[in-house]
2 protein chains.
Amino acid sequence: MSEEEQRTEPRGRLSAEDWEQAALDVLAQSGVAAIAVEALARTLGVTKGSFYWHFPTREALLKSAIDRWEQRDEDQVLAQVEPIADPRERLRELFHRVSREVQSHRIYAALLQASDHPLVQPVIERISRRRLALLTDAYREAGFAARDAAHRARLAYTAYSGFLQLNQRHGMPRMDHEEYEAYVDHVITTLVPA
Amino acid sequence: MSEEEQRTEPRGRLSAEDWEQAALDVLAQSGVAAIAVEALARTLGVTKGSFYWHFPTREALLKSAIDRWEQRDEDQVLAQVEPIADPRERLRELFHRVSREVQSHRIYAALLQASDHPLVQPVIERISRRRLALLTDAYREAGFAARDAAHRARLAYTAYSGFLQLNQRHGMPRMDHEEYEAYVDHVITTLVPA
DNA sequence: ACCCAACCATACTTGTGCGTATGGTTGATG
DNA sequence: CATCAACCATACGCACAAGTATGGTTGGGT
């Protein structure tokens with residue numbers, strides 16, 4: 001979680017997807033509340049007149065953008081991790097991947113912070129269930145009893161969420177790259193059975 | 001984290017503290033954004049005219065209320081846990097206490113969710129530092145090397161934050177009382193050295 | 001060349017919540 | 001019992017962001 005990413009605002013006419021992408025960028029950097037149609041219009045070089053041609057309402061944009069992200073992200077995670085046969089190795093890889101991604105986790109963190117919003121609450125719930133199930137299955141395959149697997153998965157997932165919460169946006173004493181790597185290793189050796 | 005708590009709205013004239021307490025109640029249940037002066041006035045049975053006698057602005061109320069909570073909460077935690085001599089026992093007690101408190105953690109969770117707010121950001125930062133230091137010290141006393149102690153403390157604290165985030169307000173598959181106890185035990189045996 | 005659908009600008013209306021202005025009520029105190 | 005400070009009500013003003021109404025522009029197909 002070190003590099004920066006930036007979208008290039010499209011020149012010329014816009015499509016609904018352009019608005020969704022712009023919304024996701026703002027979401028990643030400033031949270032759900034910062035997604036305002038006039039502000040978005042400014043960054044896209046147009047006015048709200050354009051927006052309300054593509055979407056009936058701000059909520060509609062939010063929904064489309066978030067759904068688009070959820071789809072992309074979920075496919076990506078599953079494709080990268082599911083094929084790994086050994087469950088311990090799969091868990092380690094999962095932790096490592098998660099520790100290196102940037103934009104997608106920024107968005108998840110932003111959604112997490114706005115999880116009282118009626119539109120994002122079900123998204124968070126779906127994602128939590130899916131990822132928790134992914135972890136739980138891996139732990140079971142790794143030899144954990146059903147209950148312990150569920151608990152360990154929950155622990156891992158809450159640690160992940162809490163980390164996003166406390167680091168990305170503010171909060172904790174920051175770590176440099178080297179210490180961050182050491183931390184990730186510590187987490188893996190603590191939470192993944194040898 | 002199972003019982004409910006409720007403040008009784010005071011009859012008769014109000015003081016600044018009454019407003020602060022009401023604000024904290026709303027904060028615990030509905031988050032920072034829900035602290036609105038007209039809404040608060042309604043629940044207190046008065047109008048905004050009253051509010052602006054006690055406080056110059058909404059932000060001032062927020063600051064006072066949060067500061068009051070931070071003070072109370074910090075004193076309480078430290079008083080209850082610091083006297084325990086054995087570091088492992090202290091850690092276990094800490095986890096258990098944290099798992100049973102309600103209102104104070106609701107408030108912390110609410111603040112966590114609003115940690116991009118300029119007024120709560122420094123509060124979260126202070127609290128994170130203090131609690132992280134508390135944990136780190138305990139792990140060091142328990143025999144961890146400096147680096148490992150810091151990492152384990154961070155893991156424990158992020159798990160705590162993430163748990164609050166994902167449970168209290170929404171998100172994860174909910175647990176009944178018995179399973180919750182089992183989960184806490186799992187966390188303790190996983191994160192506290194035997 | 002023209003025309004229509006896609007796209008955008010301008011100028012509104014509306015709702016919400018903070019803050020202000022001003023005057024009324026109450027209770028402790030001399 | 002009179003008075004003054006503490007407390008509260010009512011009625012505003014104002015800013016900000018969403019949404020609406022309406023008309024203008026642009027480009028690709030015929």
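To find a chain, count down the sequence lines: A is the first, B the second, and so on, and within it residues start at 1. These numbers come from the heavy atoms of this one structure, side chains and all, not from hydrogens, waters or symmetry mates.
- Atoms CZ (A:Phe55) and C1' (C:dC7) sit 14 Å apart, rounded to a whole Å.
- One atom, CD1 of A:Ile35, and another, P of D:dA18, lie 11 Å apart when rounded to the nearest Å.
- One interatomic measurement links the two molecules: CZ of A:Arg58 to P of C:dG15, which rounds to 19 Å at whole-angstrom precision.
- When rounded to the nearest whole Å, the span between CG of B:Leu14 and P of C:dT26 equals 15 Å.
- Between B:Tyr160 and B:Tyr157, the ring centre distance stays below 6.0 Å.
- In this entry the distance linking CH2 of B:Trp53 with C1' of C:dG24 reads 16 Å, nearest Å.
- Applying the 4.0 Å criterion to OP1 and OP2 of D:dG19, one finds that A:Thr57 has a side-chain N or O inside that range.
- The environment of CZ in A:Arg140 is sparse: at most 12 heavy-atom neighbours from other residues, nucleotides or ligands sit within 6.0 Å.
- Phosphate contact (OP1/OP2 of D:dC8, side-chain N/O of B:His54, threshold under 4.0 Å): present.
- In the set C:dC8, D:dA18, C:dC18, D:dA18 carries the atom at the smallest distance from any side-chain atom of A:Tyr52.
- The side chain of B:Thr47 contributes no N or O atom lying less than 4.0 Å from OP1 or OP2 of D:dC8.
- When the nearest nucleotides of DNA chain C are assigned to A:Lys48 and A:Phe51 by heavy-atom distance, the more 5′-ward of the two goes with A:Phe51.
- Whole-Å rounding puts the B:Leu40 CG to C:dG19 C1' distance at 15 Å.
- For the pair B:Arg90 and B:Glu93, the salt-bridge criterion is not met [side-chain N within less than 4.0 Å of a carboxylate O].
- Looking at which nucleotide of DNA chain D each of A:Gly49 and A:Val37 is closest to, the 5′-most match is held by A:Val37.
- Side-chain N or O atoms of A:Asp18 include one that pairs as donor or acceptor with a backbone N or O of A:Ser15 at under 3.5 Å.
- An OP1 or OP2 oxygen of D:dC7 is reached within less than 4.0 angstrom by no side-chain nitrogen or oxygen of B:Arg13.
- Rounding to whole angstrom units, CG of residue A:Asp18 and C1' of C:dC7 are separated by 12 Å.
- The distance from atom CG of A:Leu61 to atom C1' of D:dA18 is 13 Å, rounded to the nearest whole Å.
- Taking the charged nitrogens against the carboxylate oxygens, A:Glu179 and B:Arg154 have no contact shorter than 4.0 Å, which rules out a salt bridge.
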